[in-house]
Each structure stands twice: as structure tokens, then as C-alpha cells.
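Structure, as C-alpha cells:
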Amino acid sequence: MIRFLSPGFAWALAVPAVILVLYLLRRRFLQQQVPSVFLWRRSIRDYAANRPFQRLMKNLLLPLQILAALALALALMHPAIPGGEAGQTILIFDVSGSMQTQTAGRTRLDRAKEEALKLIGTLPAEEKITILAAGKEPERLALSADREEAEQTIASITCGKDGADTDKALSLADAIARNTDKDTGTNVFIYSDDLRRNRISYRSSSFALSIVNCGAGEENRSVYSLEAENGQAFARVANFGEACRVSLTCEADGVLCDARETEIPAGETAGVSFSIPETAKLVRVSLREKDALAADNSAEAAVKRSGSRKAAVMSDSLFLESALKVRPELTVMRTEESALSSTEADLYILGTSPLIITRTLPEAGYDPAATAFGPFSWEGETTAVTGSPAVSLTENPLTKGLTMKNVFFRCIRPVTGGKTVASLDGKPVIACTEGTVVLGFDLHDSNLPLKYDFPVLIQNILDWLLPEETAGETDAGAPMALTESDVRTVAPNDEPEELQERNAQGRELTWILLAVFLLLMLAEMGVSRYVG
Amino acid sequence: MLTDKFLSRLDTLALAMRGKAQGGAGGSRRSRQTGSSAEFSDYREYIPGDDIRRLDWNAYARFDKLFLKLFMEEQESQVTLLLDASASMEAKWASARSAAEAVGYLALTGGDRLCLHCLKDGRAARFPQLSGRAAFPRLTGWLDTCVPDGKTDTLTETVKRTEGLKKGLCFLITDGYTEDALKETLDYLRYMRQETAVIHVLSAGELRPELDGALRLTDSESGEHIDLMADRSALDAYQDALKAFLKDVRENCSSREASYLLLDGGESFEDCFIPLLSRSGMI
């Protein structure tokens with residue numbers, strides 16, 4: 001429906017009527033009688049025949065004048081039709097790595113920007129423009145911006161190295177659209193490349209969706225998946241162009257270890273496996289042929305360990321063994337002092353008092369009679385504990401989740417050296433370094449093993465000494481979510497520093513549940529009695 | 001009214017007639033019949049009983065035979081005046097009346113019988129025949145009673161209603177506004193053995209219209225009107241139409257052996273009529 005933005009000029013519609021009246025008034029002919037109109041009739045007929053448009057011109061002038069007056073009146077009233085009203089337009093840019101593919105010196109993202117700028121040029125001046133970047137997670141770059149701001153934002157968009165989750169971006173667009181005035185409507189435009197990868201399954205009635213394909217067909221292959229485990233690396237290669245034969249190389253810890261070739265049909269993927277050394281920690285698979293997008297021609301992955309870690313334990317504490325077995329990947333081996341040097345393990349638990357838990361044995365080996373181990377040292381005699389002093393804990397990853405309430409010791413062997421983790425009456429009873437934790441007491445001389453603090457402490461020690469091989473994989477430059485246990489800083493004096501975790505409560509809850517589980521398990525096995 | 005001076009000029013003239021008179025009564029026109037007029041016509045052999053006073057003794061002396069002289073019989077002709085008295089003639093009625101009066105005078109003084117018919121409203125009103133110079137005042141009196149206020153549906157049909165048409169001269173005084181440019185009328189008159197002479201009377205306003213501006217021209221006869229922007233182009237177109245019309249009328253007259261003269265109502269009748277009569281061969 002046509003509206004008039006300046007209805008006040010409706011009076012101008014009367015002008016054609018005035019013209020008509022004036023025309024009619026003006027058209028008063030002077031009456032004249034003639035003997036006969038015979039010859040005049042003939043002359044007019046001939047005149048009209050020779051001037052075919054003369055009569056038409058005479059008759060055309062009035063309607064032309066009226067039309068011109070009508071057009072002027074309508075123009076003054078400023079007619080407008082729907083569609084020109086400002087609404088909401090949401091532009092979603094695929095910022096995946098493939099948008100960096102170049103053709104004739106322009107990337108796909110450049111093309112997307114050009115198309116978007118063209119579109120913006122056709123929008124009403126009052127149109128609200130929202131710009132989203134669709135990467136792994138959608139990012140809102142501009143919200144209800146004006147044209148100038150939108151153009152500047154578009155110019156500043158850059159590609160990432162990850163893929164694009166357009167469904168998440170559409171979900172965000174949907175939420176924005178629902179808040180838009182329904183009378184004006186929302187249009188969503190997605191600027192993306194090869195949509196076979198980024199299949200758009202999200203649909204909503206809140207907006208009208210248009211997909212702008214910004215390029216495909218360039219010859220491009222990518223190594224888009226890589227996993228390494230148990231001496232094997234498995235890569236998946238995608239071919240976005242014509243059928244071809246590709247050559248791949250595999251490097252383990254920077255050293256070329258394998259090479260393969262494979263045929264990939266057009267638009268298909270192929271899996272390729274490589275042999276890697278057992279001790280490899282980082283694997284990289286690369287395509288040898290160059291294509292339109294080099295950024296996706298290689299992939300890296302950390303080699304996953306299949307949980308085979310060994311702990312060599314000299315202690316006969318069942319509580320200790322039980323606490324160690326909470327870790328499914330940890331294999332606990334009882335060992336004797338004499339076999340210690342020949343035992344290869346990831347963790348050594350030595351002695352009883354102090355109880356030394358270490359990753360590596362000293363070169364000189366372990367001497368149970370020694371009063372020092374690495375930087376740690378202790379008295380030769382234990383110190384009796386009188387009364388029931390409380391255990392003081394320091395802020396340390398090893399003390400996470402610990403309260404040490406109602407933990408009593410009969411006697412202790414204070415440990416000096418390293419960083420104090422817990423102390424009793426000012427005497428360090430638990431100390432640690434980067435690779436060693438020393439408990440300055442015999443587990444049998446304390447009721448600690450009976451407390452839920454004990455399995456929590458052991459797990460803290462294991463996390464400290466045997467952290468997970470990977471906290472996750474991410475590409476360079478991409479963000480990564482980490483927990484406190486994933487990150488540990490070590491001071492130059494080899495003393496660990498603690499990172500503050502923003503949300504420790506969830507972590508604590510996890511260990512509480514773990515402790516409860518252990519407690520229940522211990523209850524089944526029997527309870528030691530503390531005699532103090 | 002014609003002046004005496006003009007009438008005295010007409011006395012020296014006579015209407016021309018191509019054919020031989022067959023009026024029957026004595027007149028001044030040649031007839032095919034031989035009679036006792038002084039104009040020698042032919043010879044024939046003497047038959048006992050002929051008037052011996054007609055014997056041509058010279059021929060006897062030459063041919064030693066008796067021959068009788070024959071003389072032309074002079075008889076009167078009928079001159080018919082068909083005067084268009086429709087409303088369109090009002091603008092040039094003076095000229096048309098004068099022409100009828102002059103032709104009537106010539107006819108009466110030439111010893112012809114004059115029949116006047118006034119054509120209007122689809123009828124040909126006939127006036128009693130006149131003959132002799134002494135009847136001229138009656139002619140003018142009847143012409144005074146003719147008022148050009150009638151309608152002429154078609155001139156031909158009106159002419160056909162003319163009664164008493166006898167072989168002779170026929171003067172059609174009209175403005176000639178017929179679609180066929182008098183063609184059918186002339187054919188009829190020719191059929192009726194008339195030596196037709198067309199006196200085409202047009203007023204100065206019809207021959208040289210001086211119109212300007214937006215005009216509603218109303219036909220004085222039919223009431224039809226035409227709205228006209230009388231600019232130069234329109235006047236030029238009118239002149240073209242007039243020329244074509246006059247040409248058609250002349251050609252129709254010429255092809256039917258009818259004399260034609262165009263009488264301009266804007267000029268002095270007494271100055272131009274006699275030369276026009278002479279040029280057209282009507283006298």
C-alpha cells in the first residue's frame with residue numbers, strides 16, 4: 001500500500017481541476033455565422049489529413065497539462081511504498097580458514113565483503129545492520145549499526161584458522177531477530193564459501209535467510225583431522241577440487257617419520273595412516289602439493305597416551321595403594337629397594353617415613369637410610385607430637401580440597417627444603433618440588449589415611465607429579481579453556497607457583513565426591529585404627 | 001436594382017444561344033423553320049402556287065429555272081431562371097438578384113419568354129412567364145418578393161421539381177454548394193435540353209475570408225457549426241479547398257457544355273457582370 005509522507009500537499013491535487021476549469025472557460029469560441037460551412041468542413045478535413053497530429057495536438061494539450069499537474073501533486077505528497085521502511089539486516093560472515101582461499105589475488109573473504117558492501121548500499125538509510133562473525137563460536141561484531149559503522153566493521157573482519165559453525169551464528173541471529181520489531185522484519189545474509197562443509201540446518205521463522213556463496217571450486221585439499229596414538233597417526237584429507245593424487249608427509253617431534261600417497265575423488269575425503277615412534281609426543285601431517293589455501297594443508301596433534309603409567313611403590317600401605325588405583329591409567333607395582341634401579345616407572349613411591357613420591361630416581365639411586373633426597377632433608381629421628389595440633393596448609397595445588405581437620409600424628413619427621421605444603425606446629429610435614437613430594441611422616445603414624453583428605457591429597461600429588469599429557473588441542477592463536485590443574489608455573493627455584501582459578505568450587509566438589517567414593521571403598525576393605 | 005445606365009448597356013446585348021429556337025411564337029431567335037423574315041436562308045425549286053414574289057430572277061437568268069428564295073423563321077426562346085434562394089445566398093443576394101434581374105432583362109428585351117423559379121425549401125417556386133420589355137417591372141417586383149431564407153436539401157432534387165422546363169436557355173444562379181459540384185444538376189438540365197449557364201455567386205467573405213482566432217462558424221442554412229482556430233494554416237487550407245471546389249465546378253460545367261461565370265459578391269456588379277457575361281459566352 002502506498003503511503004504519502006507529506007499529505008499536507010494534498011491540496012495540489014486540486015490543480016488539475018483548476019486547469020480543466022480554466023481550459024473550459026478559455027475554450028469559448030467567438031460565434032460567427034457564415035453562409036455555409038461547406039468549404040470550411042472540406043478545408044478542415046483536408047487540413048487534418050495533411051496534419052495528422054494537429055487535431056491530436058490540440059486535444060493532447062489539456063490531458064498533458066492535467067497529467068503534469070497530477071504528477072507534481074503526487075511528487076509533493078511524497079508517495080512511499082513498503083519495503084523502503086528500515087528494518088533489521090543481519091550479516092553473518094564465515095571466518096573459517098577456508099575463506100582465505102585466494103583466486104585472482106582476492107580471497108573469499110574479500111569477495112564476501114564486497115557483496116556485503118553492495119548489499120548495504122541498497123538498504124534504506126535507517127536500516128539497522130548487525131554483523132556476526134561465524135567462527136567456532138559466533139562473535140557479534142556490530143549490533144544495530146548504521147551504514148557507516150557497518151562498512152567500517154566489515155572492512156575490519158579477518159579470518160581465523162578454525163572452521164565455522166554457521167548454525168550457532170544463525171541461532172544468535174535468531175535471538176537478535178526475535179527482539180526486532182516484527183512489522184519490519186529481519187533479513188539474514190550468510191557469506192560463506194563451500195557450503196558442503198558448513199551445512200546450514202538451522203531454520204527459523206524469525207528471519208528471511210539468504211546464502212551468498214563467496215567462492216568455491218578452487219583447487220584445495222586440506223588435512224582436516226589428525227589423531228595420534230599407540231604408534232599410529234591417522235589423518236583425514238578432504239579434496240574440494242577435482243579428483244587428484246596427493247602426497248602426505250608425517251613428522252613426529254619435528255622429524256620426518258613417514259610419507260604416504262593417496263587418491264582422493266572430487267569432493268571426497270580420504271583417511272591416511274602413518275607409523276610414528278612410540279615415544280613421539282607431537283605429530284604433524286602435511287600435504288606436499290600447494291593449492292589455493294595453504295593454511296589448511298597441515299595438521300598437528302599431540303600423541304595420546306593410552307593410559308599406561310606405572311607407579312613403583314615400596315610402601316606397603318594399603319591405603320596408599322587404594323588411593324593410587326583411583327587413577328585408571330596408573331598401574332601400581334610393588335617393588336623392592338633392590339629392584340628399584342631396574343624398574344622403569346613414571347612414579348616412584350619410596351620409603352615410609354618420610355614417604356617420598358617422585359617422578360625420577362636420583363642417579364645415585366635411593367638410600368632408605370639417607371636423610372636427604374634431592375633438595376629435601378630431614379632429621380634422622382622422628383619427633384613425637386604432643387597434643388592435637390592442627391595442620392596448617394599453604395596455598396598450593398597440593399592442598400586443594402584439603403581441610404586436614406581432626407588429622408593427628410603420633411610422630412613426624414619434619415622436612416626441610418622444597419616448598420612447604422603442610423606444617424604442624426610450624427614444622428613442615430609435607431613439602432614439594434616440581435618433581436617430588438615428601439610426606440614427613442609414616443602413614444601408620446597418622447589417622448590421615450582414614451580421612452577423606454588422604455585420597456584427595458594423593459590425587460593432588462598425582463596431578464602434580466603426573467599431569468594429563470594434554471589438557472586439550474588447539475591451533476595457534478585460538479583460545480583454549482583451561483582449569484587450574486592444567487596450568488602450573490614453576491619459579492626459577494623450581495618451586496611451583498599457584499594459579500588462581502576463578503571457579504574452584506566445582507573442582508572441590510569433584511574431589512569431595514571422589515573422596516566419598518574412596519571412603520566407601522575403604523570401608524569395605526576395613527578400617528585401621530589410629531592409636532595416638 | 002439595376003441602374004438605367006446599366007440597363008441601357010444591356011440593351012445592346014443579347015443572350016447567346018447555341019441551338020435554334022423552337023419557341024413557336026415569333027421572336028428574334030433563329031429557328032429551323034423557314035419563315036418570312038428578311039434573313040435569306042436557302043433556295044428551292046418553284047412549285048406552282050408558291051409566292052411569285054419570292055422568285056429569284058437572278059438564279060433564273062443563270063440557270064434558266066425558277067427558284068424560290070427561303071427566309072429564316074425568327075421565333076422566341078424560353079429563358080429559365082433558376083434562382084437559388086436558400087439561406088446561404090443571403091450574403092450574396094444582392095449580386096444574385098442583380099444577376100437574375102440583368103439576365104431577365106436580356107431575355108425580355110431579346111424577345112424571349114422568361115420563366116423565373118425560386119429554389120428554396122426543396123421547392124421551385126414558379127412565377128408566371130413573362131415576355132416583352134414591358135414585363136421587366138413585374139420581374140423586379142417578383143424578385144423583390146424572393147427572400148433567401150430557405151433550405152436547399154439537394155439542389156438537384158429541387159431543380160427536378162421545377163415545372164415547365166422547355167428547351168431553351170437556363171440560367172442557374174447559385175452558390176453551388178453541392179457535394180458533387182453541380183454535376184448531377186447539370187446532367188439533369190442537360191437532359192431537359194437546357195443550354196445551361198451557371199452564374200456562380202460567392203460573397204467576398206467566401207472568396208477571401210478574413211477570420212482570426214477561435215471561432216465557432218455556424219452554417220446559416222443548416223445550423224451546423226464548426227469550431228475553428230482560424231490561423232494562417234486554416235485559412236490557407238480553406239483557400240485550397242475553395243480552389244479545388246471552383247475547379248470542380250468549372251470542369252463539370254465545361255464537360256456538360258454549360259457556360260460558367262464566377263460572380264464575386266464583393267465587386268461592383270455593374271462593373272464586372274457584362275465582361276463576365278462576355279467572357280463566359282453567355283452574350
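Only a predicted model underlies this, so the values are computations on that prediction, with no experimental measurement involved. Throughout, a chain's letter reflects where its sequence line sits, starting with A, and its residues are numbered from 1.
Interface remark: B:Glu224 contributes backbone and side-chain atoms alike to the contact with chain A (heavy atom separation under 4.5 Å). The contact between B:Pro209 and chain A is made entirely by side chain atoms (from C-beta outward), counting heavy-atom distances below 4.5 Å. Interface remark: B:Leu211 contributes side-chain atoms only to the contact with chain A (heavy atom separation under 4.5 Å).
Taking B:Trp93 as the reference, nothing meets the ring pair (Phe, Tyr, Trp, His ring centres under 6.0 Å) condition, with sequence neighbours excluded. Evaluation of the side-chain contact (heavy atoms from CB on, under 4.5 Å) rule for A:Ala173 yields A:Ile90, A:Ile92, A:Leu132, A:Val188 as partners, not counting sequence neighbours. The side-chain contact (heavy atoms from CB on, under 4.5 Å) test applied to B:Met282 returns B:Phe171, B:Ala197, B:Ile199, B:Ser259, B:Leu261, B:Leu277, B:Ser280, not counting sequence neighbours.
Listed here is the closest heavy atom pair of B:Ile226 and A:Ile44: CG2-CD1, 3.1 Å. Minimum heavy-atom separation, A:Pro35 to B:Ser203: CG-OG, 4.4 Å.
The OH atom of B:Tyr238 lies 4.5 Å from the CG atom of A:Leu39; values are rounded to the nearest 0.5 Å. Expressed to the nearest 0.5 Å, how far CZ of A:Arg41 lies from CG of B:Leu228 amounts to 13.5 Å. Between B:Leu217 atom CG and A:Leu30 atom CG the span is 9.5 Å, to the nearest 0.5 Å.
Using a 4.5 Å heavy-atom cut-off against chain A, the contacting residues of residues 174-184 of chain B are B:Tyr177, B:Thr178, B:Glu179.
Side-chain atoms of B:Asp219 and A:Val34, non-hydrogen and from C-beta on, never get closer than 4.5 Å to each other. Residues A:Gln31 and B:Thr218 meet the side-chain proximity criterion, which asks for heavy atoms closer than 4.5 Å.
Heavy-atom contacts from other residues, nucleotides or ligands closer than 6.0 Å to CZ of B:Arg161 number more than 12. Within 6.0 Å of atom CZ in B:Arg123, 12 or fewer heavy atoms from other residues, nucleotides or ligands are found, so the atom counts as exposed in its surroundings.
Ranked by heavy-atom pairs under 4.5 Å with chain A, the list B:Gln239, B:Glu90, B:Glu206 is led by B:Glu206.
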